[in-house]
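The chains referred to below are lettered A, B, ... by the order of the sequence lines, with proteins before strands, and numbering in each begins at 1. Here the structure is a predicted model, which is why all the values come from computation and not from measurement.
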Amino acid sequence: MRVSQMLLPTLREVPAEAEVVSHQLLLRAGFIRKTASGIYTYLPLAQRVLKKIMQIIREEMDRQGGQEMLMPIIQPAELWLESGRWHVYGPELFRLKDRHHRDFCLAPTHEEVITVTVRNEVRSYKQLPLLLYHITNKYRDERRPRFGLMRGREFIMKDLYSFDQDEAGLDISYRKMHEAYTNVFRRCGLTCRPVEADSGAIGGSTTHEFMVLAESGEAAILYCTACDYAANVEKAITLPAAGLDPGMQPLELQEVSTPGKKSAEEAAAFLQMEPCHIIKTMIYKTDQEIVAALVRGDRDVNEVKLLNALNAINLELADEETVRQATGAPTGYVGPVGLKNIRIVADPEVMALANAVAGANKQDAHLMNVHPGRDFKPDMVEDIRIVKAGEPCPKCGARLQEARGIEVGQIFKLGTKYSKVLGATFLDENGKEQPIVMGCYGIGVTRTMAAAIEQNHDQDGIIWPASIAPYHVVVIPVSAKDEAQMNLAETLYRELNQAGVEAVLDDRPERPGVKFKDADLVGYPLRVVVGNKAVQEGLVEVRRRRSGQTDLIPLSEAVAKVREILPTL
RNA sequence: CGGGAUGUAGCUCAGUUUGGUAGAGCGCACGGUUCGGGACCGUGAGGCCGCAGGUUCAAGUCCUGUCAUCCCGACCA
């Protein structure tokens with residue numbers, strides 16, 4: 001392809017709307033344009049990158065026995081009513097009506113369709129296992145689309161669904177996908193880490209997220225430097241809390257005046273003690289009840305853990321009014337002692353406290369010498385706190401470190417959640433009807449492209465890993481008006497393509513500086529410059545985008561050199 | 001969903017306070033000089049000033065509404 005004929009609208013300035021680097025560079029380098037908030041048009045270069053990522057995904061899915069299919073984006077409400085998710089999914093589900101006023105939605109995921117398809121076609125254990133996948137657009141009406149391709153409302157996703165006879169089969173499928181995902185991201189040139197995660201609304205038990213480590217990542221993860229433990233903060237655990245100190249004598253409950261000391265830190269400082277002796281009481285509202293969550297004063301409530309412990313669908317911090325009604329006190333002075341009619345969930349660490357301080361359920365007052373078990377009895381003791389960097393790894397005890405990551409893939413063991421609701425069953429060897437055991441496995445294709453840039457760029461632009469670069473090499477004649485240079489560049493460009501190297505020829509009548517800047521911005525892994533030295537001495541420059549290393553080599557060896565370097569990039 | 005901000009040329013942004021014939025830089029077209037890291041000179045094209053209503057002799061500017069976009073928040077008692 002000749003650059004003079006390409007739709008490659010590079011921009012000198014950063015469009016005002018772009019915040020994160022991948023978004024800025026995708027716009028500046030002429031890869032994408034916004035069509036609506038969270039919805040983008042992929043220009044030719046982006047499409048080439050996406051196709052390469054999808055090809056890598058296909059190869060790795062197929063290698064594990066995956067079969068590609070294609071499912072509809074527009075889906076009837078009945079399907080979602082049947083699974084129960086029409087009402088559960090909420091405003092994130094794009095809903096629409098056809099001309100007969102029948103309800104439809106734009107699929108945010110495809111469990112319903114695939115499960116019903118398999119239900120209708122699979123009868124016997126002999127037809128299992130199955131690994132079925134497709135790559136298509138997904139739609140989620142995000143409450144706040146942002147960061148360009150990172151959190152869009154329309155995005156391309158690969159999703160594979162596994163169907164097995166039993167848990168043992170699911171384990172095998174899950175391992176296959178774990179391996180496939182590791183391969184996919186490695187081949188895409190990404191530094192990626194699988195982490196344990198919460199399964200969220202999709203449901204199911206075991207799940208791993210594949211995180212591309214990057215500062216701009218939306219997710220926080222904790223990982224162990226000594227072993228392979230790594231988890232999303234939502235899921236991360238640490239070693240169990242120490243038990244109650246047996247030497248501690250319970251003292252008598254005592255009310256103290258703490259005017260204006262609302263936070264655990266303020267109260268602790270005022271009472272001249274460490275925040276870890278405070279019982280922090282947070283009032284939450286779920287879809288069905290009001291609960292009090294207790295953590296140590298130096299800890300934070302992990303709302304995901306709390307939500308799971310309560311088996312609730314929604315969870316939010318109660319507003320001031322609700323707190324007053326439930327406890328009789330304003331926020332800041334709530335405590336577990338004497339609380340009535342609301343459930344108390346305590347973190348195990350709280351139960352290990354003796355003579356602790358808690359809110360007195362009275363304005364400007366706290367209670368001292370609160371003794372868990374004596375002064376209040378929690379309805380539930382569960383790990384509901386956020387683990388922080390520096391705490392011990394639950395597997396090996398080494399210190400955990402914190403990092404940020406972009407979630408590019410997630411794999412789930414669904415179990416029989418969907419097969420049961422949707423009636424996807426098979427007959428086993430004994431002729432007994434069983435629900436199919438399922439797993440689902442997603443990769444955000446468009447997000448992977450953005451993540452690749454987050455991890456591979458510099459001040460001048462993108463640095464594509466060769467495996468997903470839109471083109472491998474750009475051939476730049478220094479002067480498009482110099483016929484001798486152009487002829488040599490043309491020939492080299494043709495030879496490269498004939499040799500299977502994806503090359504473009506920057507034949508635009510631009511000054512060399514412009515072409516160099518654009519080449520850096522677009523991020524071709526290699527650049528070959530054909531200048532005067534080529535005409536006079538038969539030498540061309542081969543330059544690696546990432547390292548900047550430049551080799552002056554004979555024109556006749558250029559193709560071989562490019563082919564030699566490419567696999568190393 | 002709440003709060004904040006912004007909508008003016010393809011892009012980045014002035015102009016709005018104090019109403020009076022629409023601006024700059026970059027980009028684009030043409031001519032010339034240049035030509036190894038985003039050149040220079042000249043000429044030119046390009047605007048329903050987001051949209052609708054209102055006030056006024058007169059609105060990019062003031063008022064009302066509306067739409068869109070971006071940011072922050074929706075988290076610690």
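In this structure, A/Arg12 atom CZ and B/C26 atom P are separated by 9 Å, rounded to whole Å. Atom-to-atom, CG of A/Leu306 to P of B/C75 comes out at 13 Å; the value is rounded to the nearest Å. Rounded to an integer number of Å, the gap from CG of A/Leu27 to C1' of B/C70 is 13 Å. Rounded to an integer number of Å, the gap from CD of A/Glu510 to P of B/C40 is 13 Å. For A/Lys280 and B/A77, the NZ to P distance is 6 Å, given to the nearest whole Å. Atom CD of A/Glu142 is separated from atom P of B/U69 by 15 Å (rounded to the nearest Å). Atoms CZ (A/Arg146) and P (B/C70) sit 12 Å apart, rounded to a whole Å. Distance A/Tyr284 OH to B/A74 P: 11 Å, rounded to the nearest Å.
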Identify all side-chain donor-acceptor contacts of residues 232-239 of chain A below 3.5 Å with residues at least two apart in sequence or on another chain.
| unit_1 | atom_1 | unit_2 | atom_2 | d |
| --- | --- | --- | --- | --- |
| A/Asn232 | OD1 | A/Glu234 | N | 3.0 |
| A/Asn232 | ND2 | A/Glu209 | OE1 | 2.8 |
| A/Thr238 | OG1 | A/Pro392 | O | 2.6 |

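Across all strands shown, B/G2 forms a Watson-Crick or G-U wobble pair with B/C72, both key distances being under 3.5 Å. Base pairing of B/U17 is not made with any nucleotide, judged by Watson-Crick or G-U wobble geometry with both donor-acceptor distances under 3.5 Å. Under the Watson-Crick and G-U wobble criteria, each requiring two contacts below 3.5 Å, nucleotide B/G53 is paired to B/C63. Pair assignment for B/G25 gives B/C11, based on Watson-Crick or G-U wobble hydrogen-bonding distances that are each under 3.5 Å. Across every strand in view, B/G42 sits in a pair with B/C30 that passes the Watson-Crick or G-U test at under 3.5 angstrom.
Across the C1' atoms, B/G60 and B/G47 are found 11 Å apart, a figure rounded to whole Å. Between the P atoms of B/C13 and B/C30, the separation comes to 29 Å (whole Å). A distance of about 25 Å separates the P atoms of B/G38 and B/U43, rounded to the whole Å. Taking atom C1' in both B/U6 and B/U61, the straight-line distance is 16 Å, to the nearest Å. The P atoms of B/G42 and B/U55 are separated by 47 Å, rounded to the nearest whole Å. A distance of about 35 Å separates the C1' atoms of B/U18 and B/G2, rounded to the whole Å. For the P atoms, the distance linking B/G15 with B/A77 amounts to 42 Å, nearest Å. For the P atoms, the distance from B/U8 to B/U69 is 14 Å, rounded to whole Å.
Contact annotation for A/Arg296: no contact, since no heavy-atom pair falls under 4.0 Å across all strands. Across all strands, A/Lys481 comes closer than 4.0 Å to base atoms (heavy-atom distances). Using a 4.0 Å heavy-atom criterion, one finds that A/Glu541 contacts the bases of the nucleic acid, with or without backbone contacts as well. Using a 4.0 Å heavy-atom cutoff across all strands shown, A/Ala318 reaches at least one base atom of the nucleic acid. Residue-level contact check: A/Ala329 touches neither bases nor backbone, having no heavy atom under 4.0 Å from any strand. Using a 4.0 Å heavy-atom criterion, one finds that A/Ser479 contacts no nucleic acid atom at all. Residue-level contact check: A/Leu521 touches the bases, meaning some heavy atom is under 4.0 Å from a base atom. Counting non-hydrogen atoms under 4.0 angstrom, A/Lys262 reaches the backbone sugars and phosphates but no base. Among the atoms of the strands shown, none is found under 4.0 Å from any heavy atom of A/Arg299. A/Arg28 comes within contact range of at least one nucleobase, with a heavy-atom separation under 4.0 Å. Using a 4.0 Å heavy-atom criterion, one finds that A/Gly531 contacts the bases of the nucleic acid, with or without backbone contacts as well.
Ranked by how close their nearest RNA chain B nucleotide is to the 5' end, A/Asp518 and A/Val334 are led by A/Asp518. Comparing A/Glu265 and A/Ala36 by the nucleotide of RNA chain B that holds the closest heavy atom to each, the one mapping nearer the 5' end is A/Ala36.
Minimum atom distance to the side chain of A/Lys517 is reached by B/G37, of the listed B/G37, B/A74, B/A77. Here the nucleotide nearest the side chain of A/Arg511, chosen from B/U34, B/A77, B/A74, is B/U34. The A/Val514 side chain lies nearest to B/A39 when the options are B/A77, B/C76, B/A39. Side-chain proximity of A/Arg143 to B/G36, B/A77, B/A74: nearest is B/A74.
Checked by atom type, the side-chain pair A/Tyr139/A/Glu154 shows a donor-acceptor distance below 3.5 Å.
Panel note: side chain A/Lys481, backbone A/Pro509; no donor-acceptor pair is recorded below 3.5 Å.
Under the 4.0 Å criterion applied to side-chain N and carboxylate O atoms, A/Lys305 and A/Glu382 are not assigned as salt-bridge partners. Under 4.0 Å is where a charged nitrogen must lie from a carboxylate oxygen, and between A/Arg146 and A/Glu19 no such pair does. Salt-bridge check for A/Arg385 with A/Glu391: passed, with a basic side-chain N closer than 4.0 Å to an acidic carboxylate O. Salt bridge A/Glu490/A/Arg494: present, at least one basic N to carboxylate O contact under 4.0 Å.
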Pairs: protein N or O with nucleotides 11-16 of chain B N or O, under 3.5 Å:
| unit_1 | atom_1 | unit_2 | atom_2 | d |
| --- | --- | --- | --- | --- |
| B/U12 | OP1 | A/Ala16 | N | 2.8 |
| B/U12 | O2' | A/Glu13 | OE1 | 3.3 |

- Message: salt bridge (charged side-chain N to carboxylate O under 4.0 Å, His left out) for A/Lys362 and A/Glu255? Distances and angles first, verdict last.
- Response: CA-CA 10 Å; A/Lys362 198 197 272 186; A/Glu255 187 179 311; 2.9 Å; yes
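In this structure A/Lys97 satisfies the salt bridge (charged side-chain N to carboxylate O under 4.0 Å, His left out) test together with A/Asp103, sequence neighbours excluded.
If you check distances only, the side chain of A/Arg527 does reach the base of B/G37 with a donor-acceptor pair under 3.5 Å. Counting atom types as modelled, A/Arg543 pairs no side-chain N or O with a base atom of B/G36 as donor and acceptor under 3.5 Å. Remark: the A/Asn532 side chain and the B/G36 base include no donor-acceptor N/O pair separated by less than 3.5 Å.
Between A/Tyr524 and A/Tyr471, the two ring planes are tilted [angle within 30° to 60°]. The aromatic rings of A/Trp464 and A/Phe31 sit tilted relative to each other, their planes meeting at an angle between 30° and 60°.
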